[in-house]
Protein chains: 2
Amino acid sequence: MKKSSIADVANLAKVSKSTVSQYLNNRFNYMSDETKQRIEHAIKELNYQPNIVARSLKQKKSSTIGVVLSSILHTFSTKVIRSIEDYFQERGFHIILCNSDDDPEKERNYIVMLRAKQVDGLIVFPTGHNKDLYQFMLNEAFPVIFIDRTVSDIHADAILLDNEKAVFAAMKHFVENNHKRIAIVGNAPSLNITTRQERLQSYQNAIKQFNLPFDKELIVEAELGLLSKKVGKLFTLQSPPTALLAINELSFLEVLHYIKVVKLDVPNDLSLISIDDIANADIFTPSITTVSQPVYEMGEKAAELLYHRIMNKEKHIESQTFRFSPRLIIRESSAKNRKS
Amino acid sequence: MKKSSIADVANLAKVSKSTVSQYLNNRFNYMSDETKQRIEHAIKELNYQPNIVARSLKQKKSSTIGVVLSSILHTFSTKVIRSIEDYFQERGFHIILCNSDDDPEKERNYIVMLRAKQVDGLIVFPTGHNKDLYQFMLNEAFPVIFIDRTVSDIHADAILLDNEKAVFAAMKHFVENNHKRIAIVGNAPSLNITTRQERLQSYQNAIKQFNLPFDKELIVEAELGLLSKKVGKLFTLQSPPTALLAINELSFLEVLHYIKVVKLDVPNDLSLISIDDIANADIFTPSITTVSQPVYEMGEKAAELLYHRIMNKEKHIESQTFRFSPRLIIRESSAKNRKS
DNA sequence: TTGAAAGCGCTAACAT
DNA sequence: ATGTTAGCGCTTTCAA
């Protein structure tokens with residue numbers, strides 16, 4: 001039993017294909033009740049389902065968007081996808097999901113393929129290493145939104161955390177609690193990810209601003225997997241840090257892993273804050289002080305911007321960058337410094 | 001500057017569309033080097049990208065599969081998606097992601113739409129409430145794989161945890177540690193989710209098998225959000241439980257939340273085990289004993305089965321159910337009962 | 001109020 | 001070794 005097409009419905013209902021098409025698209029302006037009934041009946045009879053691929057081909061739009069993530073195994077990404085899906089689901093769009101793993105090559109392939117599949121737009125966590133491709137899309141006014149990171153010289157819409165604020169909020173909290181030796185820990189130094197760069201830069205700015213002595217030994221950067229070991233070195237320093245700021249969830253988890261292994265007492269030995277959303281931060285013991293992102297709003301804004309661009313493809317829209325304000329959520333992992 | 005089509009390439013290269021099509025599909029058997037060069041050049045010149053929607057229409061396949069999850073905000077789902085994506089990415093397939101939120105209505109709409117988009121197959125975490133639709137797909141031999149749960153009377157492939165083993169492993173561990181009053185906590189009693197049903201049933205079986213007195217007050221079921229309160233009641237019992245088994249991640253998190261609020265001492269006041277993957281189970285304090293699922297293998301198996309069905313659509317393939325063995329990972333949250 | 005016909009961009013059978 | 005042609009299933013313009 002082959003799948004039936006609009007032609008089959010037309011035959012059975014004894015009308016033309018175009019009339020059926022009208023019916024399918026709810027254009028009843030001129031349709032007689034009787035025809036309507038007959039078509040309705042034929043559709044039921046044949047179990048007919050319109051073929052959206054054919055429609056897409058004709059209409060040159062797919063009602064599908066692509067999302068290229070760095071990794072889905074990341075709380076922030078998960079929540080962003082969720083909010084994007086909620087937004088687009090209401091508007092009849094579907095989402096194709098791809099993981100770039102922060103591999104520029106994979107990112108490129110995915111973007112090319114998604115466009116070949118005629119997605120109407122893209123939301124990308126950019127690796128930052130495919131500038132020609134990003135620029136190419138902008139040149140053809142193909143709707144692209146960056147989220148979480150941006151790319152220098154590429155004027156696409158970007159949804160970002162106000163990283164400066166985030167770092168300052170954490171640093172201020174530390175300073176107010178009498179911490180002077182504050183370490184910062186980050187991953188993926190090999191990639192040009194603006195988020196990482198901005199957070200590290202802000203750390204240095206904050207050090208100055210709060211009149212703390214700068215010590216580059218307190219800046220720890222390494223690829224995931226190597227981070228624990230490097231964090232360990234912090235505690236062999238003459239004067240080890242009393243506070244530590246993790247740049248994101250992945251770094252934080254490695255730090256916490258180390259802490260668990262060597263049984264450091266948080267917050268008495270070390271105060272801890274992480275930027276980013278940490279899964280279950282509130283029910284850790286101690287619960288984790290975080291500088292959290294308004295994830296849902298960020299995802300929604302990305303979706304909204306993209307949708308707007310898709311719906312107004314002919315118009316030129318200036319690209320915009322949105323910086324969302326983080327929120328310091330003080331929990332148990334950060335406390336007064338009792339060491340000095 | 002309009003997008004160019006295969007016809008534009010053909011014109012520019014002064015060959016026919018079919019030749020270009022041959023080129024695109026790497027069928028060089030009979031192609032002269034010169035034509036090849038010319039086509040190659042024209043493609044570069046025009047920045048040509050094939051339109052996969054058109055190809056899909058013609059070939060009646062989309063190289064896209066749909067995944068209908070209950071929720072992406074669930075560690076198990078996240079990891080399953082990840083492994084499915086890894087599998088299909090290597091084979092040139094893309095994945096459309098949808099969240100049903102365990103709402104049968106949403107599930108139905110998604111499945112219908114995904115099929116209208118001509119996905120080649122589906123992987124579904126079934127709500128269990130759209131049997132007619134599941135059966136309809138099976139009747140037309142449309143490739144569908146169930147994962148995490150199955151649906152009674154519906155003979156689709158299913159990838160499941162061996163829930164009996166999972167519950168018995170946890171119960172055995174409790175019993176060996178001298179626990180007699182063992183509670184079980186689960187969510188979503190309103191839905192016919194086989195996973196929940198099997199785990200609860202196995203609990204009762206285990207109680208018998210281990211010769212423990214059965215007490216239905218130790219079985220706590222409620223919708224998420226109401227669970228904490230009901231768990232609280234356990235500790236107002238004459239003889240409260242010394243051990244507790246959470247049926248899945250979501251239940252577990254509510255339990256842990258409660259424990260955190262009332263400051264129960266785990267494992268001294270209460271030993272705790274959760275079935276399912278808990279994000280960061282290993283770095284909680286205390287770290288959490290879990291009965292973990294071989295998630296990656298399960299996702300991969302689902303992908304593999306689906307791929308196999310897609311590639312052999314004409315053949316009839318008997319449906320199979322795969323039960324994967326869980327693994328008890330003993331961590332700090334479960335210990336000897338010192339209360340009796 | 002409905003129908004005929006063209007065309008979206010591609011593939012594939014067949015012809016040359 | 002390459003070209004011609006029909007057709008995938010739909011929408012849309014124009015005609016009736």
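First the proteins, then the strands, lettered A, B, ... as listed; each starts at 1.
Using a 4.0 Å heavy-atom criterion, one finds that A:Ser18 contacts the bases of the nucleic acid, with or without backbone contacts as well. Using a 4.0 Å heavy-atom criterion, one finds that A:Ser21 contacts the bases of the nucleic acid, with or without backbone contacts as well. Residue contacts shown for A:Ser56 are absent, as no nucleic acid heavy atom lies under 4.0 Å away. Residue-level contact check: B:Lys60 touches the backbone only, with heavy atoms under 4.0 Å from sugar-phosphate atoms and none from bases.
Look at OH on A:Tyr48: it is 10 Å from P on D:dG9, rounded to the nearest Å. Spacing between atom CD of B:Gln118 and atom C1' of D:dC10 amounts to 11 Å, rounded to whole angstrom units. Remark: C1' of D:dG9 and NZ of B:Lys61 are 18 Å apart, rounded to the nearest angstrom. Rounded to a whole Å, the NZ atom of A:Lys17 is 10 Å from the P atom of D:dT11. Summarising the geometry, the separation between CG on B:Leu57 and P on D:dT11 is reported as 12 Å, rounded to the nearest angstrom. Remark: P of D:dC8 and NZ of B:Lys58 are 7 Å apart, rounded to the nearest angstrom. Atom C1' of nucleotide D:dA1 and atom NZ of B:Lys36 are separated by 13 Å, given to the nearest angstrom. In this structure, A:Tyr23 atom OH and D:dT11 atom C1' are separated by 18 Å, rounded to whole Å.
Ion pairing between a basic and an acidic side chain is recognised when a charged N comes within 4.0 Å of a carboxylate O; A:Asp120 and A:Arg309 show no such pairing. Contact check on A:Asp157 versus A:Lys301 returns no salt bridge, with no Lys/Arg side-chain nitrogen under 4.0 Å from an Asp/Glu carboxylate oxygen.
Side-chain atoms of A:Asn51 come within 3.5 Å of backbone atoms of A:Ala54 as a donor-acceptor pair (strictly under, hydrogens ignored). The backbone N or O of A:Thr127 lies less than 3.5 Å from a partner atom in the side chain of A:Glu107, making a donor-acceptor pair.
Axis orientation changes by 40° from one end of the helix from C:dT1-D:dA16 to C:dT16-D:dA1 to the other, with each end axis drawn from 5 pairs and the value rounded to 10°.
Nucleotides of DNA chain C lying under 4.0 Å from heavy atoms of chain B occupy a range whose first and last members, 5' to 3', are C:dG9 to C:dA12.
Between B:Gln49 and B:Gln22, the residue anchored closer to the 5' end of DNA chain C is B:Gln49, taking for each the nucleotide with the nearest heavy atom.
Set against D:dT11, D:dA6, D:dG3, the side chain of A:Asn25 has D:dT11 as its closest nucleotide.
By the ring pair (Phe, Tyr, Trp, His ring centres under 6.0 Å) test, A:Phe142 is found to be paired with no residue, residues two or more places apart in sequence or in another chain being considered.
Of the residues B:Leu122, B:Val151, B:Asp153, the one that meets the side-chain contact (heavy atoms from CB on, under 4.5 Å) test with B:Tyr134 is B:Val151.
Counting only heavy atoms from C-beta outward, the side chains of B:Glu304 and B:Tyr87 approach each other to under 4.5 Å. Here the side chains of A:Thr19 and A:Arg38 are not in contact, with every heavy-atom distance at 4.5 Å or above. Here the side chains of B:Val9 and B:Leu24 are not in contact, with every heavy-atom distance at 4.5 Å or above. In this structure, A:Lys131 and A:Ser152 have side chains that are in contact, with non-hydrogen atoms separated by less than 4.5 Å.
Remark: B:Thr19 is not in phosphate contact with D:dA1, judged by side-chain N or O atoms under 4.0 Å from OP1 or OP2.
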